[in-house]
Amino acid sequence: MPRVSEEIAITAEDLAGVSSFDDLARLFHEKLNWPRPDWPTFKDVAHLYGIPQSDIPGVTALAAVQKLDEWQQWGIFLVDFGDNQLRRSDLRKILHKVAEEARKEHANPVWPHDNILFICKHRDGWTLGYFRGENLANAKLHCFGWSDPHRARTALTRNLPELRWDNQENWERAWDAERLTKEFFSDYRKVFEQVEKMVVGLETDNARRFTQSLFNRLMFLCFLQEKGWLEFNKERKDYLFKLHEEFVPYNEKNYHEKRFYDRLRLLFFSGLNSKNHAGGARKYLEKLIGKIPFLNGGLFEADPVLDRADVYVPDEAFPIIFDLFKRYTFTVTESTPLDVEVALDPEMLGKIFEELVIGRHEVGSYYTPRPIVSFMCKEALKGYLQDACPSDLSPDEWNKQIYETR
């Protein structure tokens with residue numbers, strides 16, 4: 001494969017200019033050195049791969065890209081869901097049809113199932129996915145994408161740069177969720193230890209417990225703002241960062257702020273942990289913390305030791321913390337054993353708990369990984385169905401029904 005020009009970073013402004021597959025083709029040509037600024041496609045994909053439109057009703061258009069050069073190692077499919085949501089089950093149907101064709105002898109281009117790139121346009125934005133695994137039936141769908149280009153942090157810094165045309169043998173790194181998790185935790189630990197040293201009013205183990213509590217609360221808010229549940233000054237995107245950027249100490253009547261952590265106290269304890277949001281003070285609260293929901297849980301309950309009035313972190317800590325969170329994309333779509341979204345999902349809270357919580361060995365507090373939870377659920381479901389739905393199926397046949405049904 002010939003050498004290509006030096007890599008040029010893709011920016012949020014570049015993604016904001018992408019509204020069609022043609023736009024994306026030009027962008028990939030200019031920034032990722034793909035060989036053509038357009039993607040010629042086969043005219044009749046249904047005939048070529050035997051995929052009836054009725055099999056994938058959520059897809060409005062499907063196209064297979066012709067080989068762009070003689071060094072191409074991956075098949076490329078363009079899947080347009082129109083105004084519909086992306087349905088991963090439709091991608092599996094397409095994959096199975098293409099894999100069937102790959103086992104036949106004919107002149108049309110065919111690809112192994114784990115060397116097919118799906119580029120999907122849907123009502124929520126763009127998604128790029130591929131199936132990883134030696135066994136087609138159990139191949140995992142890995143995805144990354146973006147809806148708001150200015151919040152596509154992980155896609156811009158870690159996913160898209162791996163899709164350089166001269167890097168096709170390593171394209172799977174663009175969907176490496178495990179690598180992303182390790183990178184995030186490495187960055188997280190460095191920032192955590194830096195902020196831990198800034199804590200005022202606590203020492204040793206309590207300072208670490210305070211830092212862990214603060215980071216857990218802030219990360220949880222990153223997931224809440226992703227769901228659009230938090231609003232500040234009529235803005236629902238990046239609520240937490242906007243709250244910090246527009247912070248001005250409020251010193252009127254009976255409430256006096258000295259630092260941004262005072263505002264967080266109000267958010268945590270009078271907002272998120274208060275069912276009526278301080279009753280008649282609702283308008284006053286909305287002015288300072290915006291519109292937020294009541295969360296019926298223990299995360300935002302005040303701790304008598306950690307949340308004393310004399311305990312805080314200085315304002316210098318928050319640019320460090322928020323710079324970390326801004327470098328990654330958070331998602332509320334939790335991955336499953338067969339579908340993996342390459343972003344930070346709520347499971348990350350459990351993984352951090354596993355690594356950083358003090359005294360978990362003594363009290364037996366451990367995070368249960370997703371594959372084990374999946375296995376436990378399937379075993380429980382199998383036992384229930386065997387009792388509730390008597391049949392002539394053997395134990396092996398029951399296992400097949402439970403573990404191979406998608």
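Throughout, residue positions are numbered sequentially from 1 according to the sequence presented.
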Take Arg173 and Asn170 through the test side-chain hydrogen bond (donor to acceptor under 3.5 Å, both in side chains) and record every step on the way to the result.
CA-CA 6 Å; Arg173 288 168 58 89; Asn170 295 316; 5.6 Å; no
Calculate, to the nearest 0.5 Å, the distance between atoms CD1 and CD belonging to Ile289 and Glu231 respectively.
12.5 Å
Kindly indicate, with the supporting measurements, whether the criterion ring pair (Phe, Tyr, Trp, His ring centres under 6.0 Å) is fulfilled by Trp71 and Trp34.
CA-CA 11 Å; Trp71 293 283; Trp34 285 36; over 10 Å; no
Do Tyr188 and Met219 touch side chain to side chain, with heavy atoms closer than 4.5 Å?
yes
Taking the side chain as every heavy atom from C-beta outward, state whether Asn159 and Leu128 have any pair of such atoms under 4.5 Å apart.
no
Taking NZ, NE, NH1 and NH2 as the nitrogens, is one of them in Lys182 or Glu178 under 4.0 Å from a carboxylate oxygen of the other?
yes
Tell me if a side-chain donor or acceptor on Asp114 pairs with a main-chain N or O of Phe131 at a distance below 3.5 Å.
no
For Lys93, is the NZ atom crowded, meaning more than 12 foreign heavy atoms sit under 6.0 Å from it?
yes
State yes or no: are the ring centers of Phe322 and Phe247 separated by less than 6.0 Å?
no
Asp205 bridged to Arg208 by N-O distance under 4.0 Å:
no
Hey, does the side chain of Arg87 reach the backbone of Pro57 with a donor-acceptor pair shorter than 3.5 angstrom?
no
Short N-O contact, Lys242 and Glu246, less than 4.0 angstrom:
yes
Can a salt bridge be assigned to the pair Lys121 and Asp83 using a cut-off of 4.0 Å between side-chain N and carboxylate O?
no
Close side-chain approach of Pro249 to Asp262, heavy-atom, < 4.5 Å:
no
Heavy-atom check, side chain of Leu156 versus side chain of Trp146, under 4.5 Å:
no
Considering only NZ, NE, NH1 and NH2 on the basic side and carboxylate oxygens on the acidic side, decide whether Arg36 and Asp69 come within less than 4.0 Å.
no
Quick one: pull up CH2 in Trp165 and CD in Gln73 and give me the separation to the nearest 0.5 Å.
9.0 Å
Ring-plane angle category for Trp74 and Tyr130, please: parallel below 30°, perpendicular beyond 60°, tilted otherwise.
tilted
CG on Leu230 to CG on Leu243, rounded to 0.5 Å
9.5 Å
Working to the nearest 0.5 Å, report the span between CZ of Phe223 and CG of Leu218.
12.0 Å
Please tell me whether Phe300 and Phe294 form a close aromatic pair, meaning their ring centres lie under 6.0 Å apart.
no
Trp39 vs Phe21, test: ring pair (Phe, Tyr, Trp, His ring centres under 6.0 Å). Steps then yes/no.
CA-CA 8 Å; Trp39 291 334; Phe21 289 108; 7.1 Å; no
Step-by-step salt bridge (charged side-chain N to carboxylate O under 4.0 Å, His left out) determination, Asp323 to Arg327:
CA-CA 6 Å; Asp323 177 67; Arg327 295 202 303 269; 2.6 Å; yes
Does the distance from a Lys or Arg side-chain N to an Asp or Glu carboxylate O, for Arg179 and Glu183, drop under 4.0 Å?
yes
Using a 4.5 Å cut-off on heavy atoms from C-beta on, say whether the side chain of Gln85 contacts that of His122.
no
With salt bridge (charged side-chain N to carboxylate O under 4.0 Å, His left out) as the test, would you mind laying out the steps for Arg209 and Asp303 before giving the verdict?
CA-CA 11 Å; Arg209 288 177 54 219; Asp303 184 283; 3.7 Å; yes
Pair Arg263, Tyr261 - check side-chain hydrogen bond (donor to acceptor under 3.5 Å, both in side chains), show working.
CA-CA 5 Å; Arg263 184 67 57 89; Tyr261 189 72; over 6 Å; no
Side-chain touch Leu141/Leu91, heavy atoms, less than 4.5 angstrom
yes
Give a yes-or-no answer on whether the side chains of Asn216 and Ser213 include a donor-acceptor pair shorter than 3.5 Å.
no
Do the ring planes of Tyr328 and Phe184 sit parallel (below 30°), tilted (30 to 60°) or perpendicular (above 60°)?
perpendicular
Assess the pair Phe241 and Phe325: is the distance between their ring centroids shorter than 6.0 Å?
no
